[in-house]
Every structure is written in C-alpha cells, then in structure tokens.
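A quick write-up on the structure given underneath.
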Amino acid sequence: MTGHNAPAPELKLTPDDVRLITLQAQGLVGTAARRGGVAGMLRRLGAVQLDTISVLARSHELVAYARLGAIPRAKIERAYWHPDTAGAFEYWSHAACVLPIEEWPYYAFRRRGFRARGLRWHQSHPGVCADVLARLRSEGPLTATQLGGAKNGGAWWDWSDTKIAVEWLLDTGDVICARRTGWRRVYDLAERVLPAELLDADPADDECHIHLAAAAGRALGVVTPADLADYQRISSSARSRATGSRSVAHVALAAGLMPVRISGPDGTEADAWADPAAVAAADGGSGRHRVTLLSPFDSVLWDRKRTRRMFRFEHSLEAYVPSGKRVHGYYTMPLLARGTLMGWADPARSGRTLVARALSLNSVAAIRPMARALTEAAGWVGCHDVRIEQLRQPQLLARLTAALAEFS
C-alpha cells in the first residue's frame with residue numbers, strides 16, 4: 001500500500017507490539033486513559049457505538065466502564081447527553097455512534113452523500129420534512145413521539161412519515177440529536193445547538209477523510225488500510241474519488257501517520273500505518289492492564305478480522321442467532337485481562353444477582369481474572385452476588401467459585 005508518495009517504512013512491529021499500542025490507544029492500558037473522564041474517553045476514541053440491547057447496561061455505558069471503572073452510570077449519561085451543554089451528538093460513523101461535538105464538520109462528506117442519494121432506507125416527503133422543521137422551530141426540541149409518533153404500529157422498521165422525515169433531516173444535517181431522554185432521541189435544529197464556527201464549517205471531502213483517518217490512527221494506534229477505512233466507514237466515499245494504494249498512502253501521510261511493517265507469526269510482513277504519539281507512548285512502558293468484560297460493540301472489537309489477527313480470538317455477537325445455535329450466549333462479552341482476550345461471559349441480572357448464563361475460559365489462567373471481572377461488574381450495576389449457570393469447562397467450576405468468594 002506504500003505507493004509512490006509514501007516513504008519506505010523503517011519501524012517493524014511484532015504482533016505483541018501492535019496489541020499493546022492498540023490497547024493503550026483505546027484506553028485499556030495505563031492511567032493516562034482516565035484523564036478527562038467520559039468526555040476525554042470519547043475524544044480519544046472518536047466514536048462510541050450505540051445499541052438498543054441492554055443486559056448489564058447499554059453498550060455506550062459498558063465502553064466507558066471498561067476504561068474508567070465503576071463510575072456512576074448517571075454520570076456517564078450526563079457526559080454524553082448533558083441537558084444544558086451539547087458536548088456530543090449522534091450520527092453515522094462506524095455505525096450509529098455518539099461523537100464529540102467538534103467532529104460535526106468532518107461528517108459533512110456523509111451529509112452531502114445522503115443528499116446526493118436522496119434517501120437512506122425510506123423515502124422522505126418534502127412536505128412532512130417542512131412540517132417537522134416548523135414544529136422544531138416553534139416548539140423547541142422534541143422526540144419522535146412528541147412530533148406525532150415514531151411507528152405506524154407494525155414492525156420496528158415500519159416508521160411513521162414523521163419519523164422518516166426527522167431521521168432524514170438528521171442524516172442531512174438540518175436536525176441534530178445532542179440529547180436523549182429515556183433512551184429516546186431528542187431532535188433539535190442544528191442551527192440552535194451548534195456554535196457558529198462548527199455550523200458554518202464546510203470542509204471538502206478530502207479534508208474530512210484525512211481528519212477522520214487521523215482520528216482512526218489515534219484511536220487504534222496501528223492501522224492497516226482496511227482498518228483506516230473501516231473505523232469510521234469512510235471507505236465507500238474515499239473510493240468513489242480515488243482507488244488503489246496511492247490514495248490510501250496520500251490520506252495516511254496527510255493524516256500524520258507513519259508507515260510501519262507488522263511481522264506475522266509465520267515470518268511474513270504486512271504494511272501498516274501508525275500514530276507516532278501512540279508508538280512513543282508504548283515505548284514509555286506498558287502501564288497497568290484493565291481486567292474487564294467488553295461490550296460486543298466496543299471499538300476494540302469492531303473488526304472481527306482484526307480481533308482474530310491481534311488476539312487470536314474468535315468473537316461474534318449471537319444476540320440475533322437462534323438460541324439453539326448459539327455457541328457462547330445471547331450477549332457474549334469477551335474477558336480482557338493481561339493484554340489479551342481470555343474467555344467469554346453471557347451475563348444477565350436477576351434481582352440483585354448477576355447471573356452468568358454461560359461462561360467459557362480459554363485456560364486455567366483465566367479463572368481469577370474472570371472472577372474479578374464478574375464481581376466488579378456486579379457491584380457496578382448494583383448486584384450483590386454472582387451466580388454461574390453454565391461453565392463450558394465444568395472441571396474448573398470449583399476453582400472459579402472459590403475465586404468469586406475471594407473477590408466478593
């Protein structure tokens with residue numbers, strides 16, 4: 001991927017180097033990641049994915065917990081959606097995500113793309129869009145329910161014309177969601193929420209891609225060309241303008257990333273790009289590793305191929321798989337400990353008990369980290385006990401039970 005404009009890479013990184021750099025960049029190693037609390041974490045990651053499923057907590061809460069520890073859940077919510085100050089907004093990044101408010105200008109390429117296409121999933125109606133804008137202008141911020149209802153009464157995708165219109169206006173940037181209430185989006189006029197310097201900024205597509213590539217490099221530390229495009233899903237727009245290795249090199253170099261080589265277990269090497277600050281931070285020492293359960297929507301797990309390559313760990317979300325075909329459970333949360341992924345847990349709550357509906361441990365070394373992670377997660381969500389329903393390695397159950405008693 002080096003192309004004619006990229007310098008030859010001088011730095012070679014082992015898979016262990018890449019894993020450490022990534023975990024530090026993602027805020028899962030070291031104390032520096034705790035600076036600035038949830039807002040600081042959001043700026044470092046660039047995007048936090050949203051999802052409707054709530055098991056222990058919703059995914060955006062779990063991402064903060066994994067990095068910052070057992071901070072109050074209400075504090076996490078306020079950091080994302082402060083009732084008075086817009087510090088973040090929701091938009092399409094890697095998926096539906098919470099984004100730092102200062103990133104608004106750099107999604108202009110996507111807003112322009114939506115306008116050029118003319119629709120997303122549903123066809124909006126100009127008259128309904130005009131009515132929605134008039135309501136927001138005269139009445140202030142409103143939810144879809146307050147605007148007239150989100151659904152027609154059928155399946156979840158059977159949106160009302162009002163819901164279609166307000167989501168289209170959000171896609172194109174006339175409307176913004178910078179707050180939620182009771183998990184409902186609160187829609188407002190972008191001109192009323194954004195400061196003028198953000199609202200009036202209109203960077204070209206290339207500038208947007210370069211900025212988001214730099215953000216992806218900072219968030220992951222080391223990126224392949226696929227990583228660079230996937231983190232905020234800029235690939236389709238970037239490829240519409242230019243294809244091939246030279247365009248990737250142009251974006252990566254313009255983003256301030258440096259070319260590196262990653263060695264593989266079989267002796268092969270691959271081209272990649274690294275954030276110089278992330279590499280320098282890793283050279284300064286590894287720091288303390290977090291022991292935690294990760295949301296299946298955590299950004300360190302977004303790319304399953306990268307997870308397999310970096311951790312030698314197979315992971316997939318099975319919430320939408322028929323129960324009889326699930327391998328690890330409904331909402332499988334990988335266990336992160338000692339800088340690697342050591343097992344899976346499928347947790348749930350029953351009153352004041354955290355129930356591990358299914359657990360799997362990669363080795364005996366995972367027993368104490370799993371016990372610690374389960375105990376800490378239970379305390380964070382207000383549970384007093386942990387109960388194991390199924391352990392795929394039943395010969396380890398007695399030792400795991402003893403470890404849970406030790407940590408409780």
Side-chain angles (χ1 to χ4, degrees), residues 25-28 33-69 71-111 114 120 141 143-144 166-167 169-173 175-188 190 192-195 198-199 208 211-212 214-216 218-220 230-234 294-303 317:
Q26 281 281 302
L28 293 162
R34 299 178 67 88
R35 295 173 188 158
V38 178
M41 177 210 72
L42 178 60
R43 286 192 295 272
R44 281 187 292 274
L45 296 183
V48 171
Q49 187 172 345
L50 295 162
D51 192 78
T52 58
I53 298 174
S54 181
V55 179
L56 292 182
R58 294 195 191 274
S59 185
H60 63 280
E61 299 172 274
L62 293 169
V63 170
Y65 165 74
R67 288 153 178 81
L68 305 176
I71 59 178
R73 293 172 63 189
K75 186 175 181 180
I76 297 173
E77 293 292 313
R78 285 196 301 273
Y80 289 132
W81 298 296
H82 195 284
D84 300 318
T85 305
F89 72 105
E90 294 183 29
Y91 199 62
W92 299 100
S93 175
H94 178 84
C97 290
V98 183
L99 306 165
I101 197 73
E102 61 267 23
E103 296 299 286
W104 168 271
Y106 301 101
Y107 285 87
F109 81 97
R110 185 155 289 149
R111 295 190 288 270
F114 278 125
R120 181 159 50 108
T143 66
V166 76
E167 287 291 329
L169 293 167
L170 186 145
D171 288 343
T172 56
V175 163
I176 191 171
C177 174
R179 183 161 61 90
R180 280 189 179 240
T181 177
W183 193 241
R184 297 185 185 91
R185 279 179 169 172
V186 178
Y187 302 94
D188 202 352
R192 194 155 51 204
V193 174
L194 294 165
L198 297 181
L199 183 66
C208 294
H211 177 91
L212 293 177
R218 288 192 302 271
L220 291 175
D230 182 68
Y231 195 77
Q232 278 130 334
R233 309 282 188 177
I234 63 173
L294 295 172
S295 162
F297 301 103
D298 195 296
S299 51
V300 81
L301 302 172
W302 275 350
D303 188 326
L317 178 66

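Residues take their numbers from the sequence shown, with the count starting at 1. Bear in mind that the values here come from a model prediction, so they are computed numbers and not experimental data.
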Using side-chain heavy atoms (C-beta onward) and a distance below 4.5 Å, is [X] in contact with [Y]?
{"X": "Leu56", "Y": "Glu61", "result": "no"}
{"X": "Ser299", "Y": "His94", "result": "no"}
{"X": "Glu103", "Y": "Leu42", "result": "no"}
{"X": "Leu169", "Y": "Tyr187", "result": "no"}

Which atom pair, heavy atoms only, marks the closest approach of [X] to [Y]?
{"X": "Ser93", "Y": "Gln232", "result": "OG-CG, 3.0 Å"}
{"X": "Leu99", "Y": "Ala47", "result": "CD2-CB, 3.5 Å"}
{"X": "Tyr91", "Y": "Leu170", "result": "CE1-O, 3.3 Å"}
{"X": "Val63", "Y": "Met41", "result": "O-SD, 3.9 Å"}

TODO: For the pair Ile76 and Ile71, evaluate side-chain contact (heavy atoms from CB on, under 4.5 Å) and give the outcome as yes or no after the intermediate values.
DONE: CA-CA 7 Å; Ile76 297 173; Ile71 59 178; 3.6 Å; yes
- [ ] Would you give the length of the straight line joining atom CD1 of Ile176 to atom CG of Leu198, rounded to the nearest 0.5 angstrom?
- [x] 9.0 Å
Open item on the list: Distance check, rounded to the nearest 0.5 Å: Asp298 atom CG versus Leu28 atom CG?
Closed with: 6.5 Å
N/O donor-acceptor pair under 3.5 Å between [X] side chain and [Y] backbone:
{"X": "Trp81", "Y": "Ala178", "result": "no"}
{"X": "Tyr80", "Y": "His60", "result": "yes"}
{"X": "Arg185", "Y": "Arg180", "result": "no"}

Open item on the list: Surrounding CZ of Arg73 (heavy atoms of other residues, nucleotides or ligands, distance under 6.0 Å), is the total greater than 12?
Closed with: yes
- [ ] Answer yes or no on whether Arg58 is positioned over the face of Trp183, meaning its NZ or CZ is under 6.0 Å from the six-membered ring centre and within 45° of the axis.
- [x] yes
Open item on the list: Any donor-acceptor pair under 3.5 Å linking the side-chain atoms of Gln49 with those of Ser59?
Closed with: no
- [ ] Classify the angle between the aromatic ring planes of Trp104 and Phe89 as parallel (below 30°), tilted (30 to 60°) or perpendicular (above 60°).
- [x] perpendicular
